[in-house]
Structures are given as structure tokens and as C-alpha cells.
Number of protein chains: 2
Amino acid sequence: MHNSITLENLRVLEAIRQSGSFAGAAQMLHKVPSALTYTVSKLEDDLGLLLFERSKKGARLTAAGTLLLEQGRPILEAVARLEESMRAFEAGWEPCLRIAHDVILSTKPLLQVVGEFLDKELPVEVAYDSVAVGGGWDSLISERCDIAIGVSGDIPKGEFEVQEIGGLSFLFAIAPTHPLALLGRPISAQDLREYPSIVVSDSSRILPKVSTGIFESKQTVKVPDLASKIAAQCMGLGVGYLPTHLIQDKLKDGSLVERECEIPRADLTLYIAWRKTKKGKGLRWFVEHLGAADWGLSRNEG
Amino acid sequence: MHNSITLENLRVLEAIRQSGSFAGAAQMLHKVPSALTYTVSKLEDDLGLLLFERSKKGARLTAAGTLLLEQGRPILEAVARLEESMRAFEAGWEPCLRIAHDVILSTKPLLQVVGEFLDKELPVEVAYDSVAVGGGWDSLISERCDIAIGVSGDIPKGEFEVQEIGGLSFLFAIAPTHPLALLGRPISAQDLREYPSIVVSDSSRILPKVSTGIFESKQTVKVPDLASKIAAQCMGLGVGYLPTHLIQDKLKDGSLVERECEIPRADLTLYIAWRKTKKGKGLRWFVEHLGAADWGLSRNEG
DNA sequence: CTTTCATTTCAAAAAAATTGAATGTTAAAT
DNA sequence: ATTTAACATTCAATTTTTTTGAAATGAAAG
């Protein structure tokens, strides 16, 4: 009475329904008709219900059989998916891949690559999350992601591998109405201290705080992300360096102007990073394709 | 390699995970440890994956085992539900019960009864739908429902059973500002023809149209349901008979006033109706409880 | 009336699952 | 250091379940 329903049972029922007869189903399943008679009768006995209306011209599901199969079909499908998952896992495809994306980079290339991956219809779940500037390492170290895109600086001690995706240069760009824009000479450290600067807060929780773009100015305005920083500088709220590739349009339409600044901002090389221990095919695939994507950065051919 | 995953396999995995050891799981399942070794090894061979990390102090799921069980657990649960469905079906509970509810009746008693039924936690899906006045028979005949509440009139030829739930009386009620309200004498057929009347459209598609409340007036306004008709008559848009039990509050607060009318409106006896062929326990239960519910109608004790 | 498909029954055979005893290993307890 | 208790595994024997093939049967079609 208990546990009488098995997957094989459901497959047999489905085959009989599809072919319309025990004989046809037997052929489908490479079995002999009497085997199906046995299987079905046993199940019918166990359930105490007639599952098929047998005639000499075939067999049709009864209401009970329909009920059973209607609910059973999705179960069979789930099992089939599960089997595919296991096969994929066995072949080296991890069940889930989490990508952390630094907001300093555009999401477009990432989405494009993710889209390409989804087209392969693998049973690999892809999750991605944006992290604040510099948050990639943190996300990787605390195992909140498997791949971090757009990390920079020193590689934290531990088992990580990286691949360069390009260089990031900065321009000192400010609103044309800002007093420092009208100075007529290179901006000095002294000048800077006279005005507020805009700082992107770092969400990093494990790594020590990295001060990105702080020049010890009189006041600082903390904003949650780079887009806010750009917006704030366009409004003349403050000044600071901004990534060249993100402000091309602002420079073109005059919302921002470039100025020379005595305090230099070093170019940054950005990487994709992941744990050496992770060897899934999905990770490999993503590293390869994300590395080849056009992130709009300066690249040294090599 | 194919179809290596069975429900029994999943149950074994789950038992081992729960108890933390093959030995414990064997006890849970009333088997001998070597049986589980056999089962698990076979599955591991088939999948080509190690499912458990065996130590001398027990067994822990590997990543592959976790993946398998994580996806397998919901499958086991679905199968358990399916088995319960079949048991309930075998015991006479139909898998789905559709109730048509005539808008002339309040939904409150119905919802109360449905709530009571749901408390029993049976694997019976309950669907209910409101139908226009007189639409119950139609819904029943065309098999869009199993039980119709609030049908009236002749029982259509065919295999139906009914149970009375009470009588419905009508009052000729109109807005106090309506000219007919100021007449000072019983309203005649002639009077009626001078003013628009409000008619609820009948959604019935199979039965011949029953004109409910049409007095051949100059104009008629068709509204989709009784609530609209009451609202329309409160606004003085038209006149007509309304079910006594639905306008008690309107009469009390003066939105409507009762007037005598020469054209009488016969009381209606309302029934619950269902097909004789349907013998499910759910139907029986609902007929019994819906029949005993208080629909706010007049009842002749018997 | 015969042929053709069907399903079922039944006994035999094959396959799969289960058992129990033996083996070996480890961690905790003495 | 030795013993004890828990545990997983292996293997051959056993039991259970599934599958088979042949024969029986019935109904519709030619």
C-alpha cells in the first residue's frame, strides 16, 4: 500500500497512454506485453483503483489513471531534469555559478556573455550581483561569488587566479561651472582641500578600507556608486577623478570638463579573479568569454 | 546510465543524510546496512559520482550528493502528495470540485463553508465561480461546474438532483426621488411602461433566455449583476423588483423605498443542484453543508 | 468464417534486492 | 596500550521482484 508508485510505473502508464495499448507500449519500452500487464495490475491492486479501461482494441486511462498521470508527468519531468543535472555535474559543470560585477564596469558585456551562456541550455544556474568599487575581492574571499569581474590592485594572499581584462585610466573632471574649472592653471593639492570631494563608499567588509579617490579635502560627500559620483560632479557638488571610459559622453556634451591636477591618479589594471580550487567548466567558460569581451577599457596588445 | 535514479534511491539517500550514517539509516528503513551499501554503490557507479564521504564515524553527503538530494527532496514530496491524492480518490474524494454560485446569493456563507472544507486538508481542489442570475443550470449542464448554488425554476431534463436552500421574495423598491415613488397609489403596468427598468443580463448560453424582471417598459438598462442593479435603482436610473434580503439596509437608510406594484413577482425557491452521476464525498459534503448554511433566505421548516 | 489484434494467465527464468556473517577500520573509553 | 563500540564493506546465499514466452481468450475486421 505504501510506496507503490514508482517512476518506472509512471513511465509505463505514460507509454500505454501514448501508444493507446499495452502492446504498443511494450514495443516502445522494449518489453513484452505481459510485463506491462503485471506492472499495471500490481499498481492497480496496490492503489485499489482501476487505472485503464481495457478493451480488445487498446486501453484508455480511467479517471483515476488520468489523475495519477496528470500529477505524475511533472514528476517524471523533474526527474529527467535532475538526471541531466547530475550528468552535467559529472561532466564538470557546476550547478550554480555566482558572478560579482564591479560597478566600475558596464553591465552590457557581462549580460551579453551571460546570454550566450544561457543559450547553451545547460543545467547551470547563473547568478550575478553588482558590488561596489573594490568589492570584488571581498565577495570572492567570503565565498559570496565564484567569479569577480573588475577587481584590481594586489591579489589577496590565498588561492586565487586572475586574468587581465584591461586598463582603467582616470581624468580629473569637474563641472564647467565649478570654481576649480575656472582656475586657469593646474590644480594643486592646496586648491583641492578648499572644496568637497565625492567619494564612493566601499562595501568591502573583510579587506581593509581602500580609499579610492580621497585627497584629504575639506569635506567629502559619500555616494553609493560611481553613477552617483558622476552625477554629483556634473552638478558641481564636488570634484574628483573619474574613469575615462564612463564620462566620454559627459565631456562631449559639456556636462564635465577635464582639468589638470597635480595629484596624480594612477591607472588601474582590472582583472577577472576566481579561486584556484574551482575547476568547473562553467567557470572556465565564463573566464574565457568574459576575458574576451569588450569592456571598453584600454588594452595592451600582447 | 539511464533511469538510474529511483524514488527508493532518493529515500535511502535522505535517510542516510538524516541519520548521518548507513547503519542509522538501515535501522530507520528496517534494512540491513549492507543493503544500503549496495544501493548507494550502484547509484554512485551509475552516475559516476561519489555521493557520500564515508568515514568510520558515519557518512556525509558530497557536493554531488547534496545536489542530487536537494533536487530530489521536492520530488519525493510531490510523490507523497500524489500518493495521498490517490488514497483520497480511492476513498471517494474527487480531485477537483467546481462550485458555481449565483450572484443573487451572498458569498459569505459559501466562503465560510469552503473555509471549513479547506481545514480538513484534503487533496481536493476547490474552485468556485460566480455566475449571473439563472446561470447556474447552464454552468451545470455544460459541465463547467459540479455544484450550482442558487438555481431556481424547473429542473432541466436530465440527471440532476436538487436540495432546497430557501425561498427568495422580491420587493418593488425604487429611489425615493423617483416619480413613481410619489404616485400615492399602487403602480400599474401602464405606469411602468413610462419609465426605464433595470435588467440583469443573463449569461446563460445553453438554456433559453429567461427574462427576469422585464415588464416591457419603454427602455431597459442592462447591467451585469444584481449589485449593479441595486446601485442603479438607488440612483433612480430605473425601477424593478429586488430580492428582499439584499436591500434591507437600503430600505433602512432610505436609499430605497418599497411601493406596491400591480404586476406581481412570484417568490422563487432556490436550490443547490448537482448531477446524479457525481457521487464524490466532497460533493456530498458540500451539498450537506451548503444546504445547512444560512443564506439569509426565508425557509419553511420541514 | 477466418484472420488479426488485443489482453491476460501461468509457470519458468532471469534479474535485482536483501540478508547475515565475516572483515577491517577508526575513535572513544578503560 | 588495550579494549570496546560503531561503522562501512565484501561476499555468497537467499529471497523477492521482474521479465519472459507460450498458450488461452475475446472481439472486431476482412
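Each chain gets a letter, A, B and so on, in the order the sequences are listed, and its residues count up from 1.
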>> Nearest whole Å is fine: how far is D:dA8 P from B:Glu44 CD?
In response: 13 Å

> Can you check the B:Lys31 NZ to C:dA17 C1' distance for me, whole Å?
Replying inline: 8 Å

> Of all heavy-atom pairs between A:Leu47 and B:Glu90, which one has the smallest distance, and what is that distance?
Replying inline: O-CG, 3.2 Å

> A:Trp93 and side-chain contact (heavy atoms from CB on, under 4.5 Å): which partner among A:Arg284, A:Arg87, A:Lys120?
Replying inline: A:Lys120

>> If you only use heavy atoms from C-beta on, which nucleotide in D:dT17, C:dT7, D:dA8 is closest to the side chain of A:Tyr38?
In response: D:dT17

> Has the side chain of A:Ser19 got a donor or acceptor atom that lies under 3.5 Å from a matching backbone atom of A:Ala25?
Replying inline: yes

> Do the side chains of A:Val12 and A:Leu43 get nearer than 4.5 Å, heavy atoms only?
Replying inline: no

>> Any carboxylate oxygen within less than 4.0 angstrom of a Lys/Arg side-chain nitrogen, looking at B:Asp129 and B:Arg144?
In response: no

>> How many whole angstroms separate atom CG of B:Asp46 from atom P of C:dA17?
In response: 10 Å

> Which letters describe nucleotides 20-30 of chain C, given B = protein heavy atom under 4.0 Å from base, S = only from sugar-phosphate, - = neither?
Replying inline: B----BS----

> Can a donor-acceptor pair be found between the side chains of B:Gln18 and B:Glu14 at a distance below 3.5 Å?
Replying inline: yes

> Roughly how far apart are A:Phe160 CZ and A:Ile155 CD1, rounded to 0.5 Å?
Replying inline: 10.0 Å

> Does a side-chain N or O from B:Arg54 land closer than 4.0 Å to OP1 or OP2 of D:dC7, or not?
Replying inline: no

>> Given D:dT19, D:dT10, C:dT18, identify the nucleotide with an atom nearest to the side chain of B:Thr37.
In response: D:dT10

> A:Phe52 has an atom CZ; how far is it from atom P of C:dT8, in whole Å?
Replying inline: 10 Å

> When we call it a touch if two heavy atoms are under 4.0 Å apart, what does B:Ser55 touch: a base, just sugar-phosphate, or nothing?
Replying inline: sugar-phosphate

>> Between P on D:dT18 and CG on A:Leu43, what's the gap in Å once rounded to a whole number?
In response: 11 Å

> Salt-bridged, A:Glu77 to A:Arg11, with N to O below 4.0 Å?
Replying inline: no

> Can a salt bridge be assigned to the pair B:Glu84 and B:Arg81 using a cut-off of 4.0 Å between side-chain N and carboxylate O?
Replying inline: no

> Among residues 17-29 of chain B, which contact DNA chain D at a heavy-atom distance under 4.0 Å?
Replying inline: B:Ser21, B:Phe22, B:Ala23

>> Any side-chain to backbone donor/acceptor pair from A:Trp137 onto A:Ser152? Under 3.5 Å, distance only.
In response: yes

>> I need the CG-C1' distance between B:Asn9 and C:dA16, as an integer number of Å.
In response: 12 Å

> What's the CG-P distance between A:Asp45 and C:dT8, to the nearest Å?
Replying inline: 12 Å

> For the helix from C:dC1-D:dG30 to C:dT30-D:dA1, what angle lies between the axis at the first five pairs and the axis at the last five pairs, to 10 degrees?
Replying inline: 10°

> How many Å lie between NZ on A:Lys42 and P on C:dT9, as a whole number?
Replying inline: 15 Å

>> Students often mix this up, so state it plainly: with edges at 30° and 60°, are the rings of B:Phe117 and B:Phe286 parallel, tilted or perpendicular?
In response: tilted

> Using a distance-only test with no angle check, is there a side-chain donor-acceptor pair under 3.5 angstrom linking B:Gln71 and A:Ser85?
Replying inline: yes

